[in-house]
Amino acid sequence: MIKANFHRDEHGDIVSFSLTGHADAGKTGKDIVCAAVSAVSIGAVNGIEGLAGFEPDVIADEVHGGHLQMAIKTAITGEQLHISQILLENLLLELQSIQDQYPDRLTITTKQLEQN
């Protein structure tokens, strides 16, 4: 099962997400759930880089797959924040749509981060 975890700051903005696990919905290269989750999540990260104009912190297991982590840790402008939030909220919506069709393959949690 793929586990998606989203973290929001005190303003409700998504500041990080992680995806771990495998959908196991088909053979390697034929798993449509894995392909869908990978496409929308990598697309969101690429969108942040290309449209918001900054590079978030990204950790990925490019050899075995099954792990992608992204965090916004750098200082960004209000416009960059706005663009990144549109992309990250859209990612969450897309994953929820996948989860609706494959609830036994994907779980999603959203947590509020503790204030420092």
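- The closest side-chain heavy-atom distance from E49 to V45 is below 4.5 Å.
- A heavy-atom distance below 4.5 Å is found between the side chains of L68 and V58.
- Distance check, rounded to the nearest 0.5 Å: CG of D31 to OH of Y102 gives 9.5 Å.
- By the criterion of side-chain heavy atoms lying less than 4.5 angstrom apart, applied directly or through intervening Ile, Leu, Val, Met, Phe, Trp or Tyr residues, I48 is grouped together with L51 in one hydrophobic cluster.
- In this structure the side chain of T77 never reaches within 4.5 angstrom of the side chain of F54, judged on heavy atoms.
- With no hydrogens or angles considered, a side-chain donor-acceptor pair links N90 and E94 at under 3.5 Å.
- Side-chain contact between L91 and F6: present, with at least one pair of heavy atoms (C-beta onward) separated by less than 4.5 Å.
- Taking the side chain as every heavy atom from C-beta outward, L88 and M70 approach each other to under 4.5 Å.
- Contact detail for S41 and S38: the closest heavy-atom pair is OG-O, 3.2 Å.
- In this structure, CD1 in I32 is found 10.0 Å from CZ in R105, a value given to the nearest 0.5 Å.
- Within a 6.0 Å sphere centred on NE2 of H82, heavy atoms belonging to other residues, nucleotides or ligands number 12 at most.
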Would you mind writing out the side-chain donor-acceptor pairs for residues 19-27 within the sub-3.5 Å range, not counting sequence neighbours?
none

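- Across every non-hydrogen atom of L92 and R8, the tightest pair is CD2-NH2, 3.6 Å.
- The minimum heavy-atom distance between S84 and A52, with the atom names listed, is N-CB, 4.4 Å.
- Other cluster members for L113: V15, joined by side-chain heavy-atom distances under 4.5 Å among Ile, Leu, Val, Met, Phe, Trp and Tyr.
- Both I108 and V40 are members of a single hydrophobic cluster when ILVMFWY side chains are connected at heavy-atom separations under 4.5 Å.
- Checked against salt bridge (charged side-chain N to carboxylate O under 4.0 Å, His left out), E55 has no partners two or more places apart in sequence or in another chain.
- Nearest heavy-atom pair, M1 versus T107, reported as atom, atom and distance to 0.1 Å: SD-CG2, 3.1 Å.
- For the side chain to side chain contact (heavy atoms under 4.5 Å, CB included) criterion with I76, the lone passing option out of Q80, E79, K73 is Q80.
- Separation of atoms CD (E89) and CD1 (I14) is listed at 4.0 Å; rounding is to 0.5 Å.
- Formation of a donor-acceptor pair under 3.5 Å by the Q69 side chain with backbone atoms of S18 is not found in this model.
- Summarising the geometry of I2 relative to C34, their closest heavy-atom pair is CD1-CA, 4.4 Å, with the distance given to 0.1 Å.
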